[in-house]
Q: 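For reference, the structure I am asking about is given below.
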Amino acid sequence: MMRAWILPVLLVLSGSAVATGQIFDGSPGTAAALLLAFLALAGVNSPLIFPRPISAHEAQRQSAVDGRPVVFWRPGCKYCIRLRIRLGRSAHQLHWVNIWRDPAAAAAVRAANDGNETVPTVVVAGQPHTNPDPEWVREQLSPST
């Protein structure tokens, strides 16, 4: 879990350094804009935004037991971020798999999308759905989860 924080922390530190340089150059407006951009990037790559990712194998095993959908995603994907934000608290009811951390997950996504690593790919009852509407995904959650 500690590795999940490395990129967001580096982005915050880098943004702070760049903003500080802009302030010393006499551009506080540019400094503020750059710092906000770096903070936004850190936020969307933070483990606070996406639930803790698990392996594709573990997600498929757990999904077979509890019936919850599996979401294959990758950091920086605007469609993945849109899905996560629009799902709100419901997002924690799904199994999230980061395809950049799991080669088997990337292979599963390519198999479902004609060789492309198109995300988010949501697997419900063994059927992949590429970039589905967040409301549809929410409807796939059973009331008991």
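In this text, all values refer to a predicted model and were calculated from it rather than measured experimentally.
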Q: Can you list everything that forms a side-chain contact (heavy atoms from CB on, under 4.5 Å) with S27? Sequence neighbours excluded, please.
A: Q22, T30
Q: Sequence neighbours left out, what passes side-chain hydrogen bond (donor to acceptor under 3.5 Å, both in side chains) with Q127? Give chain and number order.
A: none
Q: Of all residues at least two apart in sequence or in a different chain, which pass the side-chain contact (heavy atoms from CB on, under 4.5 Å) check with A108?
A: F72
Q: Taking only residues two or more places apart in sequence, or in another chain, which ones meet H129 in a ring-ring contact (aromatic ring centres under 6.0 Å, His included)?
A: W136
Q: What residues, two or more places apart in sequence or in another chain, satisfy side-chain contact (heavy atoms from CB on, under 4.5 Å) together with P128?
A: A112, T121, V123
Q: Rounded to the nearest 0.5 Å, how far apart are SG of C80 and CG of N131?
A: 8.0 Å
Q: Return each pair, listed once, that meets salt bridge (charged side-chain N to carboxylate O under 4.0 Å, His left out) where at least one residue sits in residues 103-117; pairs must be two or more places apart or across chains.
A: R110-E117
Q: Any non-hydrogen side-chain atom of V122 less than 4.5 Å from a side-chain atom of V70?
A: no
Q: Using residues 53-64 as the side-chain source, report each donor-acceptor pair under 3.5 Å to any protein atom, sequence neighbours left out, with the distance given to one decimal.
A:
from	atom 1	to	atom 2	distance (Å)
S55	OG	E58	N	3.0
E58	OE1	R61	NE	3.2
E58	OE2	R61	NH2	2.6
E58	OE2	Q62	NE2	2.6
Q62	OE1	H95	ND1	3.2
S63	OG	R68	O	2.6

Q: Would you name the heavy atoms of P120 and Y79 that are closest together and state the gap between them?
A: CD-CB, 3.6 Å
Q: Just to verify, what does R86 make a salt bridge (charged side-chain N to carboxylate O under 4.0 Å, His left out) with, not counting sequence neighbours?
A: none
Q: Can you name the side-chain contact (heavy atoms from CB on, under 4.5 Å) partners of T20, sequence neighbours left out?
A: F24
Q: Closer than 3.5 angstrom, by distance alone: can the side chain of W96 be matched with the main-chain N or O of A91 as a donor-acceptor pair?
A: yes
Q: By side-chain hydrogen bond (donor to acceptor under 3.5 Å, both in side chains), which residues pair with S14, not counting sequence neighbours?
A: none
Q: Grab the two heavy atoms, one from L141 and one from P69, that are nearest each other, plus how far apart they are.
A: CD2-CD, 3.7 Å
Q: For L39, run the side-chain contact (heavy atoms from CB on, under 4.5 Å) check against L34, L11, V12 and tell me which one passes.
A: V12
Q: Once rounded to the nearest 0.5 Å, what's the spacing between atom CG of L36 and atom CG of L41?
A: 11.0 Å
Q: State plainly whether one hydrophobic cluster holds both L83 and V124, where clusters connect Ile, Leu, Val, Met, Phe, Trp and Tyr through side-chain heavy atoms under 4.5 angstrom apart.
A: yes
Q: Which heavy-atom pair separates V97 from A105 by the least distance, and what is that distance?
A: CG1-CB, 3.4 Å
Q: Side chains of W73 and N98: does their closest heavy-atom pair fall under 4.5 Å?
A: yes
Q: Once rounded to the nearest 0.5 Å, what's the spacing between atom CZ of R74 and atom CG of D102?
A: 15.5 Å
Q: Going only through I, L, V, M, F, W and Y residues with side-chain contacts under 4.5 Å, is there a path from L87 to V71?
A: yes
Q: What distance separates E135 CD from Q140 CD, expressed to the nearest 0.5 Å?
A: 11.5 Å
